[in-house]
2 protein chains.
Amino acid sequence: MKQTGDLTLIKKINKSIVLEMIRRESPLSRARIAERTGLTKATVSSLVNELIESNLAHEIGMGQSRGGRKPMLLLFNGAAGYAVGVDLGVSYIHAALTDLNGQIIEEIRLQNDASSVETVFAELKDCIHSLIRKAPESPYGVIGIGVGIPGFSDEEGIVLFAPNLGWENVPLQKMLEDEFHIPVVIDNEANVGAVGEMRFGAGREAASLVYVSIGAGIGTGIIIKDELYRGISGFSGEIGHISIHHDGKPCRCGNSGCWELYASEKALLEEARAAYGNPRMKLSELLQFAKQSDPKALRLLEDLGRYIGVGIVNIINVFNPERIIIGGRLAEAADWLKPPLMEIVEKRSLP
Amino acid sequence: MKQTGDLTLIKKINKSIVLEMIRRESPLSRARIAERTGLTKATVSSLVNELIESNLAHEIGMGQSRGGRKPMLLLFNGAAGYAVGVDLGVSYIHAALTDLNGQIIEEIRLQNDASSVETVFAELKDCIHSLIRKAPESPYGVIGIGVGIPGFSDEEGIVLFAPNLGWENVPLQKMLEDEFHIPVVIDNEANVGAVGEMRFGAGREAASLVYVSIGAGIGTGIIIKDELYRGISGFSGEIGHISIHHDGKPCRCGNSGCWELYASEKALLEEARAAYGNPRMKLSELLQFAKQSDPKALRLLEDLGRYIGVGIVNIINVFNPERIIIGGRLAEAADWLKPPLMEIVEKRSLP
DNA sequence: TTTGTTTGTTTAATGAATTTACAAAGTCCA
DNA sequence: TGGACTTTGTAAATTCATTAAACAAACAAA
């Protein structure tokens, strides 16, 4: 059965258009909304009054007149409700309570060593509980929880596979919903990052963007026409597993010469450990060497930047997005990575 | 100004849902449409009667009763109008007149040697004129013209760049609209192929598919959620220019080791000409050798199949589409290409 | 023959947007 | 200072597509 149209659908469409406009362009008046949406003033008045009644908007007083009666300015009520967002990392949990504007109200960061599902889930639970306790009184309370994970999940919020956590088939969404009784969404960390950058970050003006998160591996989130693109079974966006060397090193994904074998933190550390003969070398140490202009370290970072660039060129050629945003832990090394990366990109991609 | 909702929007939505259902599942009755869409019988009746009045549907008589009054069956009226589709090739023009069911009514195929824009356009014009003359009398007449071109175009139907035709910045859409005064759409041959396969071909059941057209180069059309994906400036989908060999041969696109340098007809012929010492060897000759089980030819085709497979694996890893459809001239060689291709795909991609 | 089912239409009710009119509160200029 | 014009927002009447309910026609099965 398809989505058919009726009167309630119309109202939903128009109400959400009005709300969205208030959210993004407030403060503004009813008259201006009518002008910009094409709806009549009467319709806008009625919808706005309903929004005010349901606490999603506020009147904040008169504005400047433009030659006639003064407009009553409207503001989106970010304090109508709150939400919890969690970045579930391999060795940390980073959780935040935000209002509906995305403003962070409370934050918790804690380190943990990758351990069993039970331990991590217990910590996660405590974390979220204490954030919810800190939420101010509000009409809608805490409306939902979102979790970004370093791995794949399906539509039902089951963590199918998170190699670096060692998780497999963990029904995280259901576990959290059973605990907190509010809606929970689970998604890949790169997808979450992509949506975040689109809404609040560097991609606010762009309708299409690719977010590349370079950490232990490479994760990517793809936004097309303001919407996150998912492949059919949730396994899409594995740009990290594009082969950039068709007869290169074998990858655990089955393919050979995958990009992430050459352009990830893991790859960098492997090279570095070989170069320095120190099998326990850490990223921070390498960056120390680089700061001291150690030629070996600089060389390693330059190579890495170049490899990253090769993959970026592929992304440009395939998706031609308006923006490419690079995030993840390796972003700390941006100073060294950017020049060789940009050189490759400029040389190899269409304008 | 955004699309707001009003009563006419509702009607448009519902009418198109009903029409689409008739088009795809006819013959069927009003009652069945009501059941399947969730609309009431009264609404469906009213919409169907309007469709009949505007000649888009027909009643074709009573069907079998299922225990009550016999249903009046409805049929989509494919003869309400006609359309012209053109495949503008490098050395040929292939044009067809179809009805609204996509049934081909008339067809014209002609060879031409790649020549100036003026000559090709004159031939194209004659071609289309003679097809339009052959269109039967109908309520809507010939409603539009679609042209697939071997190159890039923008939203205004300007052929930005068609290397194998030698065209640059040709406003083909406007030229045709000025001549015929009906809507014209221009698009890349691979995009057109992708949409065609989705509607009428091997991808009818799939919501996402990638169409790979392997000819002189490699073109790709990407369908996501039943919609063609275009990059921001119309230059997207250049999967052919994914680098599969990061320090491989330089490509005229600026990148190195592009897939199409290894997996296209051009690549095959270059290898073949070198192998046989015949600088004018043609594809048909090579296929002749292959038919005679000539080991050199078989080897070349096997290599090509493997290279194609490498790129297909990349497509799977990035898009994870429901279907991948391979078309183009090299499809003739499918018998030899398929085994090595499938071997690579099975070995290297996730299930 | 009776009962129940299926198809499709008719009629009245519902509800959301539009149109038209208008009151309130300004600005601007002579 | 006063009148003309603007701008903002609300109110009442109108329009129109859908739904709900009732119903007639046609038919199968008991």
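So that the names make sense, note that chain A is the first sequence line, chain B the second, and so on, each numbered from 1. For clarity, every value in this text was computed on a predicted model and none was experimentally measured.
A:Asn101 contributes no side-chain N or O that, together with a main-chain N or O of A:Gln103, makes up a donor-acceptor pair within less than 3.5 Å.
With rounding to whole Å, A:Lys12 atom NZ is found 15 Å from C:dG15 atom P. Between the CE atom of B:Met72 and the P atom of C:dT7 there is a distance of 13 Å, rounded to whole Å. The distance from atom CG of A:Leu47 to atom C1' of C:dT18 is 13 Å, rounded to the nearest whole Å. When the P atom of D:dT8 is taken as reference, atom CZ of A:Arg30 falls 12 Å away, rounded to whole Å. In this entry the distance linking CD of B:Glu50 with P of D:dC16 reads 12 Å, nearest Å. B:Leu7 has its CG atom 12 Å from the P atom of C:dT19, to the nearest Å. Atoms CG (B:Leu28) and C1' (C:dT7) sit 13 Å apart, rounded to a whole Å. Rounded to whole Å, atom C1' of D:dA17 lies 16 Å from atom NZ of A:Lys11.
Residue A:Thr40 has a polar side-chain atom (N or O) positioned under 4.0 Å from OP1 or OP2 of C:dT18. Under 4.0 angstrom from either OP1 or OP2 of C:dA16 there lies no side-chain N or O belonging to A:Ser46. For A:Thr43 and C:dT18, the shortest distance from a side-chain N or O to OP1 or OP2 is below 4.0 Å. For the OP1/OP2 pair of D:dA17 and a distance below 4.0 Å, the side-chain nitrogens and oxygens of B:Asn14 include no atom meeting the criterion.
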What does nucleotides 21-30 of chain D look like as a protein-contact string, B for base, S for sugar-phosphate only, - for none, at under 4.0 angstrom between heavy atoms?
-> ---BBBBS--
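Residue pairs that meet the side chain to side chain donor-acceptor pair (under 3.5 Å) test with at least one member in residues 56-65 of chain A, sequence neighbours left out, are A:Arg30-A:Glu59. Sequence neighbours left out, the pairs with a member in residues 7-18 of chain B that pass salt bridge (charged side-chain N to carboxylate O under 4.0 Å, His left out) are B:Lys11-B:Glu50, B:Lys15-B:Glu50. Residue pairs that meet the salt bridge (charged side-chain N to carboxylate O under 4.0 Å, His left out) test with at least one member in residues 196-210 of chain B, sequence neighbours left out, do not exist here.
Looking at heavy-atom distances under 4.0 Å, A:Ser29 makes contact with sugar-phosphate atoms alone, never a base. Note on B:Ile10: only backbone sugar-phosphate atoms sit closer than 4.0 angstrom, heavy atoms only; bases stay farther off.
With sequence neighbours left out, A:Lys134 forms a salt bridge (Lys or Arg N to Asp or Glu O under 4.0 Å) with A:Glu106. Residues forming a salt bridge (Lys or Arg N to Asp or Glu O under 4.0 Å) with B:Lys70 (at least two apart in sequence, or on another chain): none.
Comparing A:Thr8 and A:Gln64 against DNA chain C, the residue whose closest nucleotide sits nearer the 5' end is A:Thr8.
Ion pair A:Glu20/A:Arg23 flagged as a salt bridge, since at least one NZ, NE, NH1 or NH2 atom sits closer than 4.0 Å to an Asp/Glu carboxylate oxygen.
Applying the Watson-Crick and G-U wobble criteria (two distances, each under 3.5 Å), D:dT14 pairs with C:dA17.
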